[in-house]
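Let me begin by presenting the structure, written as structure tokens, before commenting on it.
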Amino acid sequence: MSTVYRLSYPRHVKKAFDLFKLIRDKLNLIVWVVDARSPILTCRYLFEFIERINYRKNLVIFVNKMDLVKDFDYKQFRKYLSDFSKVRLPIIYGCYTNCKQLYDYLQRIALRELFVNCLFVGLPNVGKSSVINCLVGRSKSEVSSKPGTTRNVKWINLSYNIRVLDSPGIVLPLEITKEEAQELINLGIINKSFII
């Protein structure tokens with residue numbers, strides 16, 4: 001039997017989470033950013049997050065860092081998502097230097113809804129801020145290879161009718177196996193301070 005740990009729930013994450021609950025009705029899109037090097041593990045808390053803030057609108061998954069993976073298993077990832085969701089979720093594949101498909105998707109939502117308030121969320125260090133910087137075309141969010149660099153939420157205007165909210169990496173106080181924790185540590189997504 002594998003050792004089970006619990007992830008910490010940092011104060012700045014709880015503060016951001018409370019804000020998400022307050023603004024949930026103003027959001028009309030959530031982009032869950034996943035690391036292509038460990039897509040299932042970095043997507044694992046998506047449905048728990050959605051359930052906790054009681055969000056029922058548009059959701060898209062952006063698989064980031066595709067440039068770092070040679071043989072991505074698209075079929076396995078789709079199957080994983082279909083096991084949890086009754087609806088087929090849109091998935092966009094890219095990297096922080098090529099976000100054209102994601103930008104086009106945001107534009108389509110803006111045409112349909114007239115205005116987009118979009119939350120970028122996911123585990124720490126999956127590249128949320130880097131993707132936002134790519135979409136904006138310049139550095140608006142601080143980025144680092146160190147997990148937990150973004151500690152506050154920040155609205156950024158992408159265009160006159162698209163506004164995105166950068167957020168800290170969401171670490172929910174859920175159980176994780178020793179092997180999963182080690183994989184996230186090895187990829188630089190979390191560090192040992194995230195585990196209790």
Side-chain angles (χ1 to χ4, degrees), residues 4-10 12-14 16-66 69 72-96 99 101-102 105-106 109 116-132 135 147-148 150 153 164-177 179-181 183-184 187-190 194-195:
V4 176
Y5 297 113
R6 183 169 280 286
L7 292 172
S8 66
Y9 195 36
H12 72 281
V13 173
K14 183 184 179 328
F17 202 83
D18 291 343
L19 175 70
F20 301 154
K21 287 182 196 175
L22 288 173
I23 66 168
R24 132 189 104 224
D25 294 334
K26 291 178 176 48
L27 297 172
N28 49 0
L29 178 64
I30 288 181
V31 176
W32 185 271
V33 181
V34 170
D35 190 318
R37 298 170 300 167
S38 183
I40 291 174
L41 192 51
T42 57
C43 191
R44 182 171 154 196
Y45 303 109
L46 164 65
F47 300 104
E48 179 73 23
F49 174 81
I50 295 301
E51 194 61 38
R52 285 186 181 204
I53 69 165
N54 195 24
Y55 180 79
R56 302 285 181 253
K57 296 178 189 171
N58 300 311
L59 175 66
V60 65
I61 296 169
F62 183 74
V63 182
N64 192 24
K65 303 183 183 184
M66 288 295 289
V69 177
F72 187 85
D73 193 339
Y74 296 91
K75 191 174 181 179
Q76 180 188 18
F77 186 58
R78 277 240 179 249
K79 181 182 179 335
Y80 171 77
L81 289 174
S82 68
D83 289 344
F84 289 99
S85 178
K86 293 178 176 81
V87 297
R88 188 177 171 118
L89 294 171
I91 303 172
I92 300 171
Y93 302 93
C95 64
Y96 71 93
C99 300
Q101 283 185 308
L102 181 57
Y105 185 84
L106 292 170
I109 298 288
V116 176
N117 279 324
C118 173
L119 169 62
F120 275 72
V121 71
L123 288 177
N125 220 22
V126 293
K128 298 175 297 295
S129 298
S130 296
V131 170
I132 290 171
L135 290 169
T150 305
V153 296
V164 298
L165 183 61
D166 193 9
S167 69
I170 298 301
V171 181
L172 298 173
L174 301 172
E175 291 183 346
I176 188 169
T177 67
E179 293 77 19
E180 290 169 336
E183 182 176 338
L184 293 175
L187 292 173
I189 294 170
I190 64 171
F194 286 80
I195 299 167

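These numbers come from the heavy atoms of this one structure, side chains and all, not from hydrogens, waters or symmetry mates. Numbers here simply count residues along the sequence, with the first being 1.
Without hydrogens or angle criteria, N117 side chain to N28 main chain gives no donor-acceptor distance under 3.5 Å. The backbone N or O of T42 lies less than 3.5 Å from a partner atom in the side chain of W32, making a donor-acceptor pair. For the pair K65 (side chain) and Y96 (backbone), a donor-acceptor distance under 3.5 Å is absent. Within the 3.5 Å criterion, the main-chain N or O of L29 finds a donor-acceptor partner in the side chain of Y55. In this structure, K128 contributes its side chain and V33 its backbone to no donor-acceptor pair below 3.5 Å. Checked by atom type and distance alone, the side chain of S167 never pairs as donor or acceptor with a backbone atom of V153 at under 3.5 Å.
Contact of the F20 side chain with the I170 side chain is registered, since non-hydrogen atoms from C-beta on lie closer than 4.5 Å. Within the 4.5 Å cutoff, the side chain of R24 has no heavy atoms near those of the R56 side chain. Contact of the I176 side chain with the L7 side chain is registered, since non-hydrogen atoms from C-beta on lie closer than 4.5 Å. Between V60 and I92 there is a side-chain heavy-atom pair separated by less than 4.5 Å. The closest side-chain heavy-atom distance from L46 to L59 is below 4.5 Å. At least one side-chain heavy atom of I23 sits less than 4.5 Å from a side-chain heavy atom of L165.
Applying the salt bridge (Lys or Arg N to Asp or Glu O under 4.0 Å) criterion to K79, with sequence neighbours excluded, gives D83. For E180, the salt bridge (Lys or Arg N to Asp or Glu O under 4.0 Å) criterion is met by R44, not counting sequence neighbours.
The aromatic ring centres of F49 and F17 sit less than 6.0 Å apart. Taking the six-membered ring for Trp and the full ring otherwise, F62 and Y105 have centroids separated by 6.0 Å or more.
More than 12 heavy atoms of other residues, nucleotides or ligands shown are found within 6.0 angstrom of CZ on F77. The neighbour count for K26 NZ, taken as heavy atoms of other residues, nucleotides or ligands under 6.0 Å away, does not exceed 12.
Within the model, atoms CG of D35 and SG of C43 stand 11.5 Å from one another, a figure rounded to the nearest 0.5 Å.
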